[in-house]
Amino acid sequence: MSQRPSSGRIIKAPENFLSPAMIAEVQRGRRDFLRGAFASAITGATATVASRAVAQSTSLGDPNILELPEHTKGLGQPVAATPYGMPSKYEANLQRRESPGLTRVSAASVSFCPLQGLFGIITPSGLHFERHHQGWWDIDPTKHRFMINGLVKKAKVYTMDDLMRLPSVSRMHFIECGANTGMEWGNVAVPTVQYTHGMLSCCEFTGVPLSVLLEDCGFDKLKGKYILAEGADGSSMTRSISIERALDDCFVAYAMNGEMLRPENGYPLRLVAPGIQGVSWVKWLRRLEVGDKPYATKDETLHYIDLMPDGTHRQYTSIQECKSVITTPSGGQTLMDRGYYNVSGLAWSGRGRVKRVDVSFDGGRNWKTAKLESPVLSKCLTRFSIGFNWDGSPAILQSRAIDETGYVQPQMRQLRQVRGTRSIYHNNAIQSWKLDTNGEVSNVHVG
Ligand SMILES: Nc1nc2c(c(=O)[nH]1)N[C@H]1C(S)=C(S)[C@@H](COP(=O)(O)O)O[C@H]1N2
Ligand SMILES: [Mo]
């Protein structure tokens with residue numbers, strides 16, 4: 001196992017210390033062994049917590065103050081060493097990771113974003129979560145073509161150069177897979193926020209509004225009710241979006257965080273569908289068809305549907321409802337001593353802006369209003385924070401977000417009353433982290 005960096009008073013989450021061999025080992029286990037797999041992963045990783053003597057010296061006799069280190073005297077690295085900058089080697093454990101509890105099916109895979117290690121609201125491009133139904137490709141942009149057909153006056157094919165001449169917008173939005181937090185529907189308490197909420201990211205995207213493109217092709221304003229978006233990978237990813245939403249704020253993006261998209265995230269072109277579940281953000285986008293009804297494709301009829309308690313299916317659920325989670329401290333982390341902590345987390349709503357976030361330290365009996373950090377943008381992550389003086393007693397930390405429509409994030413119990421327990425998708429329940437007297441933070445279901 002790699003060295004545990006001793007920085008700050010919160011010991012980092014254990015997944016940052018799992019060796020690839022350990023991850024491979026738990027991945028070999030069956031899904032039924034989920035709890036066991038996670039338990040052993042955690043036990044292994046927290047074994048060193050006992051040696052809390054890592055507490056840093058902050059006295060005036062600290063050799064880190066008294067002895068001049070090499071970097072104050074020698075010559076540093078030349079610019080030529082980093083034509084494309086990379087994170088510090090001391091941050092190498094902050095990675096997107098596959099869940100030890102999910103079985104990987106060939107190239108159809110998920111990597112989770114390490115929310116516990118991020119600040120502010122923007123996800124660094126290299127840590128954006130990934131969900132590929134049939135693996136990812138690095139597509140030659142000079143050969144990529146994008147077509148619009150169906151109920152249009154003139155079907156058109158665009159090259160990337162054609163698209164990049166058109167008027168563009170740059171907007172910050174979150175993307176959340178509909179299956180995010182899906183494991184929690186059952187009685188499985190996934191150990192860390194990377195795996196409970198890590199199919200979530202937020203970036204600035206740049207591209208051409210669908211309103212511009214659909215106008216360019218002369219779409220049928222009377223009969224055109226839906227568009228079908230299609231990807232260029234082998235997964236035949238096709239999703240229907242209503243024309244109102246398409247014209248409202250959807251766009252085809254070629255850039256993310258100021259540079260061209262990363263291959264894993266759909267280079268050279270993807271759909272950005274703000275507020276709508278991740279599956280509709282079709283990557284390697286090659287076609288939009290204008291039609292008069294939703295298309296009922298395989299990813300709208302077999303997948304991305306939820307079994308309700310009465311045996312019917314919830315279908316075409318597109319909006320990601322208001323949700324929040326505390327990321328610091330969160331499951332798997334350990335508070336090293338009593339005293340002040342800045343508790344912080346993320347809130348978002350597919351229906352607009354986050355209006356308020358309340359935080360509870362006693363499992364939902366009492367709530368305090370957290371501070372929202374600017375900017376607070378529509379269909380974008382919002383960072384919240386609140387001070388907490390830990391006196392050493394056990395606590396249950398929760399956050400509850402409210403969006404500008406007045407919608408209040410539900411307790412797990414309230415959500416289960418309506419949706420039952422057989423769903424996979426669209427779990428936006430309040431997350432509870434239990435803080436033990438020994439400082440350890442873990443995922444608990446408190447109803
Ligand atoms: N063409 C194509 N588009 C796709 C997918 C895919 O497998 N192929 N996966 C979808 C799913 S399920 C999600 S959650 C998002 C994930 O986007 P990301 O990998 O950039 O995070 O892309 C969506 N778009
Ligand atoms: Mo997804």
Side-chain angles (χ1 to χ4, degrees), residues 1-27 37-38 40-56 64 69-72 74 76-102 104 109-132 136 138 190-203 256-259 262-265 327-334 336 344 346 441:
M1 200 181 308
S2 46
Q3 242 354 76
R4 178 185 293 277
S6 61
S7 61
R9 295 196 300 176
I10 299 181
I11 294 185
K12 293 181 179 178
E15 67 268 31
N16 290 352
F17 306 96
L18 291 190
S19 66
M22 279 178 75
I23 288 174
E25 192 181 306
V26 280
Q27 265 163 358
F38 276 129
S40 64
I42 288 245
T43 317
T46 50
T48 50
V49 171
S51 59
R52 282 207 206 148
V54 291
Q56 289 176 300
N64 289 308
E70 188 53 33
H71 58 75
T72 62
Q77 298 287 328
V79 288
T82 45
Y84 195 100
M86 296 297 286
S88 159
K89 63 176 186 245
Y90 302 106
E91 302 299 325
N93 278 319
L94 190 73
Q95 293 177 5
R96 26 184 200 204
R97 294 183 188 273
E98 294 179 77
S99 166
L102 286 176
R104 190 196 302 159
S109 43
V110 188
S111 73
F112 293 75
C113 177
L115 300 177
Q116 73 283 355
L118 300 185
F119 309 96
I121 56 174
I122 293 294
T123 310
S125 299
L127 294 176
H128 194 293
F129 85 95
E130 302 160 86
R131 174 71 182 104
H132 317 300
W136 62 267
D138 196 357
V190 175
T192 71
V193 74
Q194 179 155 15
Y195 302 128
T196 56
H197 289 76
M199 283 197 275
L200 171 75
S201 292
C202 182
C203 294
M256 179 166 107
N257 290 341
E259 60 183 359
R262 294 290 170 90
E264 310 91 287
N265 307 111
T327 54
T328 308
S330 56
Q333 298 184 333
T334 305
M336 295 190 48
S344 145
L346 295 164
V441 183

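Side chains included, hydrogens not; waters and symmetry mates left out as well; all remaining heavy atoms used.
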Novice: Side-chain contact, heavy-atom cut-off 4.5 Å: His128 with Met256?
Specialist: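 In contact.
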Novice: Just jot down the salt bridge (Lys or Arg N to Asp or Glu O under 4.0 Å) partners of Arg96, sequence neighbours excluded, or say none.
Specialist: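 So Arg96 forms a salt bridge (Lys or Arg N to Asp or Glu O under 4.0 Å) with Glu130, Glu264.
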Novice: To check you understand the geometry: which heavy-atom pair defines the closest contact between Cys113 and Leu127, and what is its length?
Specialist: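 For Cys113 versus Leu127, the nearest heavy atoms are SG-O, 3.4 Å.
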Novice: Search all heavy atoms of His197 against all heavy atoms of Leu115 and return the closest pair with its distance.
Specialist: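 Smallest interatomic distance, heavy atoms only, reads O-CD1, 3.3 Å.
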Novice: Can you tell me how far apart CE (Met86) and CD (Glu91) are? Round to the nearest 0.5 Å.
Specialist: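 It is 12.5 Å, given to the nearest 0.5 Å.
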Novice: About how many Å separate CG of Leu118 and CG of Leu346, when rounded to the nearest 0.5 Å?
Specialist: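 Going from CG on Leu346 over to CG on Leu118, the span is 8.0 Å.
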Novice: So which heavy atom on Val110 is nearest to which on Glu98, and how close?
Specialist: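 Shortest heavy-atom separation between Val110 and Glu98 comes out as O-CG, 3.4 Å.
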Novice: Donor-acceptor pair, Ser201 side chain versus Phe129 backbone, under 3.5 Å?
Specialist: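 A pair under 3.5 Å: yes.
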Novice: Between Gln333 and Val441, is there a donor-acceptor pair closer than 3.5 Å when you use the side chain of the first and the backbone of the second?
Specialist: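 No; judged by distance alone, with no hydrogens or angles, the pair does not exist.
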Novice: OG/Ser111 to CZ/Arg131 distance, rounded to the nearest 0.5 angstrom?
Specialist: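 Interatomic distance, Ser111 OG to Arg131 CZ, rounded to 0.5 Å: 10.5 Å.
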Novice: With a 3.5 Å distance limit and no angle check, can you tell me whether Asn257 reaches the backbone of Pro124 through a side-chain donor-acceptor pair?
Specialist: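 Not a single qualifying donor-acceptor pair exists.
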Novice: For the backbone of Ser344 and the side chain of Thr327, can you confirm whether one donor and one acceptor N or O come within less than 3.5 Å of each other?
Specialist: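 Indeed, once roles are kept as given, a pair shorter than 3.5 Å links the two residues.
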Novice: Is a donor on one side and an acceptor on the other found under 3.5 Å between the side chain of Thr123 and the backbone of Cys202?
Specialist: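 Checked: pair present.
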Novice: So Gln77 and Thr82, side-chain contact (heavy atoms from CB on, under 4.5 Å) or not? Walk me through it.
Specialist: CA-CA 9 Å; Gln77 298 287 328; Thr82 45; over 6 Å; no
